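Every chain is numbered from 1 and lettered A, B, ... according to where its sequence line falls, protein lines coming before strand lines. Remember, it's a predicted structure, so these values are computed and weren't measured experimentally. What you see below is based on every heavy atom in this structure, not just the backbone, and it leaves out hydrogens, waters and symmetry mates.
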2 protein chains.
Amino acid sequence: MKHSAKGHTFTEIVIESFKLSGLLANEGDRIAAPLGLSSARWKILGALARSETPLTVSQIARNMGQSRQAVQSLVNIMSETGLIEFQNNPNHKRAKLAVLTPTGVNSYQEMEAIQIPWANDYASQMTIDDLERTLVTLKKISGLFSA
Amino acid sequence: MKHSAKGHTFTEIVIESFKLSGLLANEGDRIAAPLGLSSARWKILGALARSETPLTVSQIARNMGQSRQAVQSLVNIMSETGLIEFQNNPNHKRAKLAVLTPTGVNSYQEMEAIQIPWANDYASQMTIDDLERTLVTLKKISGLFSA
DNA sequence: GTCATTATGACAATATCTTGTCAATTGTTT
DNA sequence: AAACAATTGACAAGATATTGTCATAATGAC
């Protein structure tokens with residue numbers, strides 16, 4: 001059996017996706033390091049900052065496509081370092097709601113101040129059409145595996 | 001400062017890329033597990049199988065956008081388990097060339113037998129145009145960070 | 001040829017992530 | 001209400017990843 005034309009390209013996207021995510025994690029670590037953060041913790045920070053409502057650890061994990069244990073570990077550390085605090089969850093005794101502390105909000109804003117020009121700069125080399133179509137396709141692929 | 005339109009979409013691609021790569025790694029682990037492999041080792045296997053020539057560990061790492069130490073570790077393990085063997089490198093005394101053993105080739109082919117219908121099936125839900133444009137864009141983004 | 005720089009393997013420390021397990025909680029079915 | 005299933009936090013073990021460091025090897029500048 002051989003790859004169809006679409007199957008071949010799909011496979012190349014898979015491979016490229018692994019590569020890109022590694023490169024972006026490095027880039028994120030590099031950007032976050034001066035603020036005492038890492039790419040992984042920045043992602044948690046962002047998930048909470050972009051959310052309208054407080055989130056449980058499990059919800060964060062599902063949003064990020066990661067195991068809840070991995071997220072729990074990061075959230076616990078970030079709670080100890082004062083970036084995150086837990087609120088009681090009226091709907092669940094054990095599953096507390098994670099929210100950013102003022103320090104956490106501040107850290108996120110400092111990261112944004114660096115990330116925004118970084119993203120704008122790199123994105124300027126692409127067309128909006130390519131970027132949007134790529135995003136839609138990536139989300140479509142993610143959707144295949146997160147159902 | 002705010003994200004430009006392109007910067008915003010670029011950032012969403014970054015986030016989606018992290019998520020997708022995690023989901024794909026899980027998928028790869030699931031597929032590889034019955035053959036005693038993992039997603040990470042499968043990727044090494046594939047890098048060697050798809051290469052025209054034997055590769056050094058450093059070359060594999062650069063292809064994959066990972067540190068050479070991470071790849072070295074996997075390659076060493078795979079050498080112990082008989083999937084990979086080292087050839088002398090006429091151009092470098094210490095940097096041996098990694099090649100698949102017959103067992104390694106066989107493992108890769110067994111993985112292909114599962115991966116091909118997997119990829120063809122999922123890819124059938126997309127258009128070739130979207131897939132190809134996405135691949136080109138992802139490679140372009142990777143290129144920004146691997147120079 | 002010599003010297004400085006770069007690349008590489010080996011080793012260690014650490015961070016991140018997965019799976020597995022267990023008890024507590026919540027939701028569902030009957 | 002009771003029984004069963006699904007979700008969640010906590011904990012542990014292992015795999016995969018990063019960075020840092022050192023000695024050796026290759027490359028380039030002079």
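A parallel orientation is assigned to the rings of A:Y122 and B:F10, their planes being inclined by less than 30° (bins at 30° and 60°).
Between the B:T101 side chain and the B:L83 main chain, a donor and an acceptor come within less than 3.5 Å of each other.
Counting to the nearest Å, the C1' atom of C:dG27 and the NZ atom of A:K93 are 15 Å from each other. Distance, B:N26 CG to D:dT16 P: 13 Å, rounded to whole Å. Between B:I84 atom CD1 and C:dG9 atom P the separation is 13 Å, expressed in whole Å. Here C:dT16 presents its C1' atom at 19 Å from NZ of B:K19, a figure rounded to the nearest Å. Rounding to whole angstrom units, NE2 of residue A:H92 and C1' of D:dT8 are separated by 5 Å. Rounded to whole angstrom, the span from the NZ atom of B:K96 across to the C1' atom of D:dA25 amounts to 13 Å. Atom CZ of A:F18 is separated from atom C1' of D:dT18 by 18 Å (rounded to the nearest Å). As rounded to whole Å, 9 Å separates atom P of D:dT18 from atom CE of B:M64.
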| request: Run the numbers on B:S17 and A:L24 for side chain to side chain contact (heavy atoms under 4.5 Å, CB included), then give the verdict. | output: CA-CA 9 Å; B:S17 184; A:L24 289 173; 4.1 Å; yes

| field | A:Q87 and A:K96: CA distance, side-chain angles, deciding distance, side chain to side chain contact (heavy atoms under 4.5 Å, CB included) verdict | value | CA-CA 6 Å; A:Q87 290 180 349; A:K96 312 264 188 183; over 6 Å; no

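Along DNA chain C, the nucleotide nearest to A:A70 and the one nearest to B:Q59 differ in position, and the one closer to the 5' end is contacted by B:Q59. Nearest-nucleotide mapping onto DNA chain D: of A:R68 and A:G22, the residue sitting toward the 5' end is A:R68. Toward the 5' end of DNA chain C, the nearer of the two residues A:G65 and A:P90, judged by each one's closest nucleotide, is A:G65.
On a pure distance criterion of 3.5 Å, a polar donor-acceptor pair joins the side chain of B:R94 and the base of D:dT24.
A heavy atom lying under 4.0 Å from DNA chain C marks none of the residues of residues 27-48 of chain B.
Taking five base pairs at each end of the helix from C:dG1-D:dC30 to C:dT30-D:dA1 and finding the rotation axis that steps the C1' atoms of four pairs onto the next four gives two axes whose angle is 50°, to the nearest 10°.
Among the protein residues, A:V71 comes within range of no part of the nucleic acid, since none of its heavy atoms lies under 4.0 Å from any strand. Within 4.0 Å (heavy atoms only), B:A95 reaches sugar-phosphate atoms of the nucleic acid but no base atom.
Neither side chain, B:Q59 nor B:N63, offers a donor N or O lying under 3.5 Å from an acceptor on the other. Judged purely by distance below 3.5 Å, without hydrogens or angles, the side chains of A:S4 and B:N120 pair a donor atom with an acceptor atom.
Here the side chain of A:S67 is nearest to one of C:dT18, D:dA26, C:dA10, namely C:dT18. Residue B:Q69 places its side chain closer to C:dA10 than to any other of C:dT19, C:dA10, D:dA17.
Between B:S58 and the phosphate of C:dT8, there is a side-chain N or O to OP1/OP2 separation shorter than 4.0 Å. An OP1 or OP2 oxygen of C:dT8 is reached within less than 4.0 angstrom by a side-chain nitrogen or oxygen of B:R62. One finds a side-chain N or O of A:Q72 lying less than 4.0 angstrom from the OP1 or OP2 phosphate oxygen of D:dA10.
In this structure, A:W42 has its ring center no closer than 6.0 Å to that of B:F18.
Considering only heavy atoms from C-beta on, B:H3 comes within 4.5 Å of A:Q115 through its side chain. B:R68 is not listed as a side-chain neighbour of B:T56, based on a closest heavy-atom distance of 4.5 Å or more. Using a 4.5 Å heavy-atom threshold, the side chains of B:I141 and A:T134 count as separate.
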